Amino acid sequence: MAADKKILAFDLYGTLLSTESIAKELESHFPDKAQSISSLWRRYQLEYTWRLNSMGTYEPFSDITRNALNHALAEHDEFLSDDAIASLMKAYDNLSTFLDVKPTLSKLSEIPTVTAFVFSNGTQSMVSNSVQNSPDLSPHAAFFRDFVSVESIKAYKPARAVYDHLVAKTGKSSAQKGDIYLVSGNPFDVVGARSVGLNAIWVDRNGKGWTDAAAPKFRPTAIVKSLEDIVGVIQDA
């Protein structure tokens, strides 16, 4: 790989793919609680990964996602059948992208010095299905050199091993970490990448600014309000 190649490692869920369609499916079951259940589901989905990291144990992200949903339902005193839960899980295979994704990937595909990866907590099967079956993202699937899952190392973001795994999969050496740019809408992911010496672009679609103070010295390399703005960041790097 050429030394001047820039690597863009895109987080998948919440950065490229929107889970809004899953919230809408929840509305068919719980019209008045769907948004609250959806938010709590996402919170527990992430919280469970951090708990497992702390305990030094691993469960597949698909199992975590299902368990987090059951937790969110229980806290709302609600219940779904196995078939309904399976349908919600299947919805991860057909998510839509955020509006800024398609024009961004089209522009980046014209830059020869950029190589892109998907980098996700999802299992290899989950990630592949989500990219290949998404009506919006699948036309751009060939743009990504590889789909990098944490499954093979059995740890989750922001564990150091996860980012070391990403570096190895890109073919870059430890001395070339500065050529790698994580692109994520999740502050904990950004902090994790920065803590091991990678660059990280935070996608602040809500425009609220950086407030994460878990590790104050690890701030984003760049903050963008639209994914399209990363084109300029990379060209100016």
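What you are looking at is a predicted structure, and each value in this text was computed from that prediction instead of being measured.
- Side chains of Glu151 and Val127 form no contact here, defined as non-hydrogen atoms less than 4.5 Å apart.
- Partners of Ser173 by side-chain contact (heavy atoms from CB on, under 4.5 Å), not counting sequence neighbours, listed by chain and number: Ala175, Gln176.
- Across every non-hydrogen atom of Lys157 and Thr49, the tightest pair is O-OG1, 4.4 Å.
- Tyr44 and Glu75 share a donor-acceptor pair across their side chains, judged by distance under 3.5 Å alone.
- In this structure, Asp179 CG and Leu8 CG are separated by 11.0 Å, a value rounded to the nearest 0.5 Å.
- Legend: residues meeting side-chain contact (heavy atoms from CB on, under 4.5 Å) with Lys33, ordered by chain and number and at least two apart, are Phe30, Ile37, His76, Glu78.
- With sequence neighbours excluded, the residues that form a side-chain contact (heavy atoms from CB on, under 4.5 Å) with Ala237 are Lys6, Tyr181.
- Among all heavy-atom pairs drawn from Ala200 and Ala193, the shortest one is CB-CB, 4.2 Å.
- For Ser149 (side chain) and Gly122 (main-chain N/O), a donor-acceptor pair under 3.5 Å exists by modelled atom type.
- Among all heavy-atom pairs drawn from His140 and Ser106, the shortest one is CE1-OG, 3.5 Å.
- Gln45 contributes no side-chain N or O that, together with a main-chain N or O of Phe61, makes up a donor-acceptor pair within less than 3.5 Å.
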Kindly indicate, with the supporting measurements, whether the criterion side chain to side chain contact (heavy atoms under 4.5 Å, CB included) is fulfilled by Phe98 and Leu227. CA-CA 9 Å; Phe98 290 95; Leu227 202 66; over 6 Å; no

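- Taking the side-chain contact (heavy atoms from CB on, under 4.5 Å) definition, one finds that Phe79 meets it with nothing, sequence neighbours left out.
- Trp202 forms part of a hydrophobic cluster together with Val190, Val191, Trp210, Phe218, Ile223, judged by ILVMFWY side-chain heavy-atom separations under 4.5 Å.
- Under the 4.5 Å side-chain heavy-atom criterion for grouping Ile, Leu, Val, Met, Phe, Trp and Tyr, Phe119 is not connected to Leu46 through any hydrophobic cluster.
- A centroid separation of less than 6.0 Å is found between the aromatic rings of Tyr13 and Tyr92.
- Residues Leu88 and Leu80 are in side-chain contact: their nearest non-hydrogen atoms beyond the backbone lie under 4.5 Å apart.
- Comment: Glu20 does not engage Lys24 in a salt bridge, judged by the lack of any side-chain N to carboxylate O separation of less than 4.0 angstrom.
- When side chains are defined from C-beta on, Lys177 counts as touching Asp164, because their heavy atoms get closer than 4.5 Å.
- One finds the CZ atom of Phe10 at 10.0 Å from the CG atom of Leu137 (value rounded to the nearest 0.5 Å).
- Smallest separation of non-hydrogen atoms from Val150 and Asn121: CG2-O, 3.6 Å.
- Residues Tyr48 and His71 are in side-chain contact: their nearest non-hydrogen atoms beyond the backbone lie under 4.5 Å apart.
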Under the salt bridge (charged side-chain N to carboxylate O under 4.0 Å, His left out) rule, what do Asp229 and Lys225 come out as? Steps first, then yes or no, please. CA-CA 7 Å; Asp229 294 335; Lys225 293 182 179 179; over 6 Å; no

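- Using a 4.5 Å cut-off on side-chain heavy atoms (C-beta onward), Leu182 and Arg194 make no contact.
- Ile153 and Ile180 fall within the same hydrophobic cluster, where Ile, Leu, Val, Met, Phe, Trp and Tyr residues are linked whenever their side-chain heavy atoms come under 4.5 Å apart, directly or through other members.
- Side-chain contact between Met126 and Thr65: present, with at least one pair of heavy atoms (C-beta onward) separated by less than 4.5 Å.
- For the ring-ring contact (aromatic ring centres under 6.0 Å, His included) with Tyr156, the lone residue among Trp50, Tyr163, Tyr58, Phe188 that qualifies is Tyr58.
- Nearest heavy atom pair, residue Leu17 against residue Leu95, reads CD2-O, 3.7 Å.
- Between Leu108 atom CG and Thr113 atom OG1 the span is 9.5 Å, to the nearest 0.5 Å.
- Ser128 contributes atom OG, which lies 10.0 Å from atom CG of Asp146 (distance to the nearest 0.5 angstrom).
- Using a cutoff of 4.0 Å between basic side-chain nitrogens and carboxylate oxygens, Asp204 and Lys208 are not scored as salt-bridged.
- When side chains are defined from C-beta on, Thr170 does not count as touching Thr115, because their heavy atoms never get closer than 4.5 Å.
- The OG atom of Ser38 sits 11.0 Å away from atom CD of Glu25, with the distance rounded to the nearest 0.5 Å.
- Using a 4.5 Å cut-off between side-chain heavy atoms of Ile, Leu, Val, Met, Phe, Trp and Tyr, with links allowed through other members, Leu105 and Ile111 fall into the same hydrophobic cluster.
- Scored by the side chain to side chain donor-acceptor pair (under 3.5 Å) test, Lys90 finds Asp93 as partners (sequence neighbours excluded).
- With hydrogens and angles ignored, the 3.5 Å screen pairs no side-chain donor or acceptor of Thr97 with any backbone N or O of Leu16.
- Once rounded to the nearest 0.5 Å, the distance linking CG of Leu69 with CE of Met89 reads 8.0 Å.
- Closest non-hydrogen pair, Thr15 versus Gly185, comes out as OG1-N, 2.9 Å.
- Side chain of Ser81 to backbone of Ala84: a donor-acceptor contact under 3.5 angstrom is found.
- Val233 places a side-chain heavy atom less than 4.5 Å from the side chain of Val224.
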